[in-house]
Amino acid sequence: MASANGLVKVQQKQPLFSFGVISDVQYADIPDGRSFLGVPRYYRHSIQVLQRAVKKWNDHENLKFAINFGDIVDGFCPKPESLNAVQKVVKQFETSYCPVYHMIGNHCLYNLPRKDLLPMLKMPTANDQAYYDFSPTPDYRFVVLDGYDISAIGWPHDHPKTMEALKILQEKNPNSEKNSPAGMVAVERRFLMFNGAVGKEQLEWLDKILQVSTKHEEKVVVCCHMALDPGAAGYEALCWNYGEVMEVIHRYKCVKACIAGHDHKGGHSIDSHGVHHRVLEAALECPPGSDAFGYIDAYPDRLSLFGTDRMASTEMVFDL
Ligand SMILES: Nc1ccn([C@@H]2O[C@H](COP(=O)(O)O)[C@@H](O)[C@H]2O)c(=O)n1
Ligand SMILES: O=P(O)(O)OC[C@H](O)CO
C-alpha cells in the first residue's frame with residue numbers, strides 16, 4: 001500500500017492475537033419453529049453449529065480465547081429441562097482448547113435465575129456481577145457488559161432491580177404485553193421486556209476501566225448481548241440506556257469496537273466517533289448444514305472478522 005510520502009507502508013500480516021466468536025445458539029431439544037415475526041429457528045441444529053464452531057476454533061490452533069455473546073438456550077426449552085440444556089451447551093463450549101468468555105442474554109435468564117446461571121458460565125467476576133474485563137495482550141482490553149443488570153427477567157420478583165425495570169417499562173411502553181413495541185416509534189421501540197439496562201454502578205465501573213485503558217494506551221472492545229448503536233441493529237434489539245453507555249464510551253478514544261448479538265440478522269455500523277458496532281448473526285437461524293460463527297484477528301489498527309457461511313466477514317479499521 002503506497003503512502004503520501006511515497007514510501008510503501010507494510011501492513012502487519014501477523015495478528016497480535018485471534019479470538020473466536022458466536023452468538024445466540026438458543027439451543028433447545030424441541031422441533032424447529034419461528035420467531036414472533038416468522039423467521040425460521042432451528043433449535044436442535046444450533047448446537048451442531050456450536051460444535052462446528054468449536055472444531056473450527058480448535059483447528060485454527062492459535063486462538064487465544066473465544067467469546068459467546070449470550071442466549072445459549074432458548075426460552076421455549078421446557079423448564080424442567082433448562083438445567084440439562086444449559087449444561088449440555090456449556091459442555092460443548094468446554095470442548096474448546098481455548099478459554100471461552102460468556103455473557104448473559106435474555107434467553108439464558110428465561111431458563112435459569114442469575115444465581116444458578118453465573119457459576120455455570122464461570123464468569124471471571126469477584127461477586128454476583130455479570131460484568132467483567134480482561135486483557136489478552138498489553139495492547140488490548142475486552143469489557144463484557146451485563147445489559148440485563150436492570151431487567152425484569154433473571155432477578156427475584158421482589159428484587160429492587162426487577163422493580164426498577166418494571167417501572168421503566170411501565171413508563172416507556174404503553175402496551176399491556178411488554179414485549180410488544182406496538183405504537184412505539186423509532187428507538188423508543190427498545191423498551192421491551194426482553195431488553196434491559198446497564199446500571200449506574202456498572203456505568204461508573206466502565207468509566208474507570210476506560211480511564212485506565214486510556215492511560216495504558218490499550219485498545220478496548222466492548223461486548224454486550226444487546227446492541228449499542230441504532231445503525232447496527234433493529235430498534236427492538238437496543239439496550240434501554242445505550243445512549244448513556246455510549247456517552248461514557250465516547251468520553252475516551254480507546255474503545256474501537258462494540259460487538260453484540262441479540263438481533264439475529266446481524267449488522268455493522270460506524271458511529272459518529274468512529275467506533276465500530278458489529279452485531280453477530282445468530283447460530284439459531286442457520287438452516288441445517290449451514291453455520292454462523294467466526295474468528296477475529298486483532299491488529300494494532302484493525303479487527304478482521306472472518307465469518308463462516310451466514311456470519312459476514314467484516315474489516316473494522318480504526319484511527320489510532
Ligand atoms: N408480543 C410481542 C413479542 C415480540 N414482538 C416482536 O418480535 C420480535 C422478537 O420476538 P422473538 O420471537 O424474536 O423473540 C421483536 O421484533 C419484537 O418487537 C412483538 O411485536 N410482540
Ligand atoms: O433472540 P430473541 O428471541 O430475544 O429476539 C431478539 C429480537 O430479535 C431482537 O429484535
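The figures here come from the full heavy-atom set of this structure, side chains too, leaving out hydrogens, waters and symmetry mates. Note that ligands are numbered from 1 as they come in the structure, with each ligand's atoms numbered from 1 the same way.
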Enumerate, one pair per line, all nitrogen or oxygen atoms of ligand 2 lying under 3.5 Å from a protein nitrogen or oxygen, stating the separation to 0.1 Å; write 'none' if no such pair exists.
residue  : atom  : partner : partner atom : Å
ligand 2 : 1 (O) : Gln26   : OE1          : 3.0
ligand 2 : 1 (O) : His107  : NE2          : 3.4
ligand 2 : 1 (O) : His264  : NE2          : 2.8
ligand 2 : 3 (O) : Arg41   : NH1          : 3.3
ligand 2 : 3 (O) : Arg41   : NH2          : 3.4
ligand 2 : 3 (O) : His107  : NE2          : 2.8
ligand 2 : 4 (O) : Asn106  : ND2          : 2.7
ligand 2 : 4 (O) : His107  : NE2          : 3.3

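By the 4.0 Å N-to-carboxylate-O rule, Lys219 lies too far from Asp139 to be salt-bridged with it.
Ring centroids of Phe19 and Tyr101 are separated by 6.0 Å or more, keeping the two rings apart. The distance between the ring centers of Trp57 and Tyr97 does not fall below 6.0 angstrom.
Among pairs with a residue in residues 245-278, those fulfilling ring-ring contact (aromatic ring centres under 6.0 Å, His included) read Phe194-His262, His225-His262, His250-His273, His268-His276, at least two apart in sequence or across chains. For the side-chain hydrogen bond (donor to acceptor under 3.5 Å, both in side chains) condition, the pairs that include at least one residue of residues 29-39, sequence neighbours left out, are Asp29-Arg44.
Listed by chain and number, residues touching ligand 1 at under 4.0 Å (heavy atoms only) are Ser35, Phe36, Leu37, Arg41, Glu177, Asn179, Ser180, Pro181, Leu192, Phe194, Glu236.
Side-chain contact check for Ser18 and Asp297: at least one donor-acceptor pair (N or O, by modelled atom type) lies under 3.5 Å. Judged by distance alone, the side chains of Ser46 and Gln26 never bring a donor and an acceptor atom under 3.5 Å apart. Ser290 and Arg310 form no side-chain donor-acceptor contact under 3.5 Å, judged by distance and modelled atom types alone.
Environment of NZ in Lys64: sparse, with no more than 12 heavy atoms of neighbouring residues, nucleotides or ligands closer than 6.0 Å.
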